[in-house]
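In what follows, chains are A, B, ... by sequence order, proteins preceding strands, each numbered from 1.
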Amino acid sequence: MSSSKKILLALLLVFIAVQFIQPARNQSGQALATDITKVYTIPENVQVLFKMACYDCHSNNTNYPWYANLQPGRWWLERHIKAGKEELNFNEFGTYSARRQMSKLRSIENSIEDGTMPLTSYTLIHKDARLTNEEKATIIAWLNETQDSLTLQN
Amino acid sequence: MKNSINSIVSVAIAAIALTACNGGNNNAEESNAASTAVTQTEQQANSAETVAATPINGVVDDYLQLKNALAADNGQEAASAGNELMDALKELGASSLTPEQKQVYDEVQEDAIEHAEHIGMNADNIEHQREHFDIISQDMYDLVKAFDGVQKLYVDYCPMYNDNKGATWLSATEEISNPYLGSAMPTCGEVKEEIN
């Protein structure tokens, strides 16, 4: 066997071996009382957009794509879910203080305006998570409305 | 077969994205070393004034460093000031506070520390640092209002930032030096309020 073949074989074995590493799935299946929809009234069309474009990484329920059954796809996704949930969890929005809720709304708006979310590496594969300009405008309009009404309350 | 080729290609893309995802921070750290030296001399100049070196003044100092760095369009220096501000905020929490101060601190700290941390992580993205600075400035305003013995501060307002939604910041000088628009519009803004 030539050495390049040996290397290929070794890589293949590693590839197969890592398939057995399957961490627990981010799927709680529960509708939480702290969900963002319990904090604000969110129109159905905006909710759908958040679910489609953001919930995989920013909620307790990831809709696992086919590549998550393969390593390192799973590993890659799981890392984003962990980091993403630390920043923002739509299912646990109600646990944030009023101040943090406000500032999260601002951050969501910024991230959509700047086009930094959803992550490009994700929309590369998840084409349905790409937000059109119209969809962005719909979300931002709702965000602005909500922030304005909250500022008035305070 | 077509499917499995697809899978392999996608996995390869994922692997590349994986390594690309966290790459941004390294060069920031190298050039931080240089800018901390500058920051430290500035800090010494600051503390030569009459203000006592209390934890709240440590917070204000770091915030003002951050503001100056943003006004100078210097994301690296803003990042190191952001990190220092994060530490100073934590120190403030560990110091002895009156019940009223503790109440304000508890309300503000989680948010403020998070934004300071993000400013620290985004040395290569000054626009993003400014977005966080906008939010942390509100936290800072509420915080300093709860303390005595803070140096004189000006609350400045620039109506143009963020698509004319406007933003405020705190400054030690009456003269405007805009941290949101930087050298593009250094004097945009006006004093809205004076604290102390």
Side-chain angles (χ1 to χ4, degrees), chain A residues 11-12 14-15 18-19 57 65-84 86-88 95-127 140 143-144 147-148 151 154, chain B residues 3-24 103-119 121-122 124-143 161-168 180:
Chain A
L11 281 177
L12 184 68
V14 169
F15 182 76
V18 294
Q19 300 314 315
C57 304
W66 61 268
Y67 65 79
N69 294 316
L70 269 184
Q71 291 292 14
R74 180 59 180 283
W75 181 44
W76 174 82
L77 190 65
E78 220 58 65
R79 256 182 30 146
H80 280 336
I81 294 169
K82 185 163 175 292
E86 266 167 31
E87 293 288 341
L88 169 70
T95 63
Y96 301 152
S97 68
R99 178 180 295 261
R100 256 183 116 213
Q101 290 178 352
M102 264 306 254
S103 103
K104 289 294 169 197
L105 292 181
R106 268 300 292 281
S107 295
I108 295 173
E109 184 183 346
N110 289 336
S111 72
I112 290 174
E113 272 172 358
D114 301 348
T116 50
M117 288 289 150
L119 295 174
T120 331
S121 52
Y122 175 82
T123 48
L124 209 66
I125 304 173
H126 297 251
K127 297 204 171 64
I140 286 170
L143 286 166
N144 282 335
Q147 288 177 82
D148 287 350
T151 333
N154 294 335
Chain B
N3 253 350
S4 62
I5 289 177
N6 261 347
S7 314
I8 290 166
V9 169
S10 303
V11 167
I13 291 171
I16 292 164
L18 186 81
T19 36
C21 184
N22 258 358
Q103 198 192 343
V104 177
Y105 179 82
D106 284 347
E107 202 207 313
V108 166
Q109 58 93 12
E110 200 180 2
D111 195 61
I113 287 173
E114 189 176 352
H115 292 294
E117 187 181 12
H118 275 246
I119 291 169
M121 290 187 311
N122 282 280
D124 50 1
N125 187 351
I126 195 164
E127 288 316 319
H128 192 53
Q129 289 178 322
R130 285 173 167 142
E131 291 170 351
H132 286 294
F133 182 74
D134 183 0
I135 312 180
I136 206 174
S137 290
Q138 181 62 46
D139 295 336
M140 284 295 298
Y141 174 86
D142 294 340
L143 195 60
Y161 178 65
N162 193 13
D163 294 331
N164 297 324
K165 284 182 196 145
T168 54
Y180 296 104

Roughly how far, to the nearest 0.5 Å, is the [atom2] atom of [Y] from the [atom1] atom of [X]?
{"X": "Gln147(A)", "Y": "Lys165(B)", "atom1": "CD", "atom2": "NZ", "result": "7.5 Å"}
{"X": "Ser107(A)", "Y": "Glu131(B)", "atom1": "OG", "atom2": "CD", "result": "8.0 Å"}
{"X": "Ser97(A)", "Y": "Glu110(B)", "atom1": "OG", "atom2": "CD", "result": "6.0 Å"}

- Heavy-atom distance under 4.5 Å to chain B: side chain of Glu113(A), backbone, both or neither? side chain

- Turns out that what part of Gln101(A) lies under 4.5 Å from chain B's heavy atoms comes down to neither

- Could you point out which residue of Asp106(B), Asp139(B), Asp111(B) forms a salt bridge (Lys or Arg N to Asp or Glu O under 4.0 Å) with Arg99(A)? Asp139(B)

- Task: Find out whether Arg130(B) and Asn110(A) are in side-chain contact, i.e. whether some heavy atom of one side chain is under 4.5 Å from a heavy atom of the other.
- Result: no

- Query: Between His128(B) and Thr116(A), is any pair of side-chain heavy atoms under 4.5 Å apart?
  - Reply: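 His128(B) does not reach Thr116(A) side chain to side chain.
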
- Note on the structure: Okay, Glu114(B) and chain A: the region with an atom under 4.5 Å from a heavy atom over there is side chain

- Message: More than 12 heavy atoms of other residues, nucleotides or ligands under 6.0 Å from CD of Gln103(B): yes or no?
- Response: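 No, the 6.0 Å shell around CD holds no more than 12 heavy atoms from other groups.
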
